[in-house]
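Quick note: numbers below take in every heavy atom, side chains included, and nothing from hydrogens, waters or symmetry partners. Since the model is a prediction, treat every value here as computed from it, not as a measurement. Residues take their numbers from the sequence shown, with the count starting at 1.
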Amino acid sequence: RTPGGLHEDDMVELTRHLARQLGLVGRLEKPQCMVVTLMVERRELEINKRGAVILHAVELLSVQSDILLGSDDEGDFDDETMHREDKDQRHLIFAQWLLETFGKERLSDGRGVLEIAAGKGLLSSALRELVSNVASTASRGSSLPCTLVEPVCRDCTQAGGEVSLLDKELAATDPFAATTAPCWLFETFDSVDFPERHPEVLSECSIIIGLHPDQATEAIVDCALRWNKPFALVP
């Protein structure tokens, strides 16, 4: 074995696939990536100097090649309209899965949902609307508290302190809903500086979520492990 890591046979297999992949460079119509699935374990309780949690690879589960897609290249679809409609539904589909998997009570715990790379806030908006539909509008606390982190202030109804239409409707029958309007933090999310600025946001949130969070993906996992929080990601 490598020191505390993968077995020698796993390393040989991984190296063989890597060599084959490199040999195809320049000979393929579309660039490809190598997808490696590993079994990992956490051995150190402390985080390193960069604020990251160290995971040790202990077993190679699979290696496969796949087409590397760019942000504007999401596969070949005969019906572009159908593809666009499916893409528009991604926020709702992810929100439905979150509600079915974790339930309203768990999502509403503490400061509620922490969404990273929130964009225009469409995911949290869809999730809040689903929660309001399953909750009794006459019950106290029927709205879902959310904190949204986004580096750039985009065109969203919640920005600048403005309350969304959903929050206005909830507040009409539920006074508590007005206190749970989404909270926006327009700044970069990482595993070092953000926790120092907002330790209470991480310690009191119910879950950390991200839909295509890009550079923030690793930081989400690091912070979720450090604060022992559930997390859900769609890379």
- prompt: Atom CD in E46, atom CD1 in I54: separation rounded to 0.5 Å?
  reply: 9.5 Å
task: Please name the pair of heavy atoms, one in T188 and one in F194, separated by the smallest distance, quoted to 0.1 Å.
output: O-CD1, 3.9 Å
message: Working to the nearest 0.5 angstrom, can you tell me the gap between W97 CH2 and L130 CG?
response: 14.0 Å
statement: side chain to side chain contact (heavy atoms under 4.5 Å, CB included) filter on A219, not counting sequence neighbours, yields F189, S191
task: Let me see the working for V221 and L233 under side chain to side chain contact (heavy atoms under 4.5 Å, CB included), right down to the final yes or no.
output: CA-CA 9 Å; V221 177; L233 292 171; 3.7 Å; yes
- request: Could you tell me the separation between the CG atom of L123 and the CD1 atom of I93, rounded to the nearest 0.5 Å?
  value: 11.5 Å
query: Do you know which of C183, P182, S125 makes side-chain contact (heavy atoms from CB on, under 4.5 Å) with L148?
result: P182
message: Checking R197 now: which residues fulfil salt bridge (charged side-chain N to carboxylate O under 4.0 Å, His left out) with it, not counting sequence neighbours?
response: E187
message: In this structure, would W227 and L55 fall into the same cluster of hydrophobic residues linked by side-chain contacts under 4.5 Å?
response: yes
Please report, to 0.1 Å, the donor-acceptor pairs under 3.5 Å made by any side chain of residues 202-214, with sequence neighbours excluded.
unit_1: S203; atom_1: OG; unit_2: P199; atom_2: O; d: 3.1
unit_1: S203; atom_1: OG; unit_2: E200; atom_2: O; d: 3.3
unit_1: E204; atom_1: OE1; unit_2: R111; atom_2: NE; d: 3.0
unit_1: S206; atom_1: OG; unit_2: L107; atom_2: O; d: 2.7
unit_1: S206; atom_1: OG; unit_2: G112; atom_2: O; d: 3.1
unit_1: H212; atom_1: ND1; unit_2: V234; atom_2: O; d: 3.3
unit_1: H212; atom_1: ND1; unit_2: P235; atom_2: O; d: 3.1

Interatomic spacing from CD1 in I116 to CG in D190 - rounded to 0.5 Å: 10.0 Å
statement: Here the gap from Q89 atom CD to Q96 atom CD, rounded to the nearest 0.5 Å, amounts to 8.0 Å
message: Using a 3.5 Å distance criterion without hydrogens, assess whether the side chain of R42 forms a donor-acceptor pair with backbone atoms of L45.
response: yes
- prompt: With hydrophobic residues grouped by side-chain heavy-atom distances under 4.5 Å, do L122 and W184 end up in a single group?
  reply: no
query: Is there a path of hydrophobic side-chain contacts, each under 4.5 Å between heavy atoms of I, L, V, M, F, W or Y residues, that connects L114 with V192?
result: no
task: State, with a plain yes or no, whether a side-chain heavy atom of E150 is found less than 4.5 Å away from one of E115.
output: no
query: Is the count of non-hydrogen atoms from other residues, nucleotides or ligands lying under 6.0 Å from E218 atom CD greater than 12?
result: no
- prompt: Can you name the closest pair of heavy atoms from K104 and L99 and give their distance?
  reply: N-CD1, 3.8 Å
- prompt: With distance as the sole test, does R226 use its side chain to make a donor-acceptor pair with the main-chain N or O of N228 at under 3.5 Å?
  reply: no
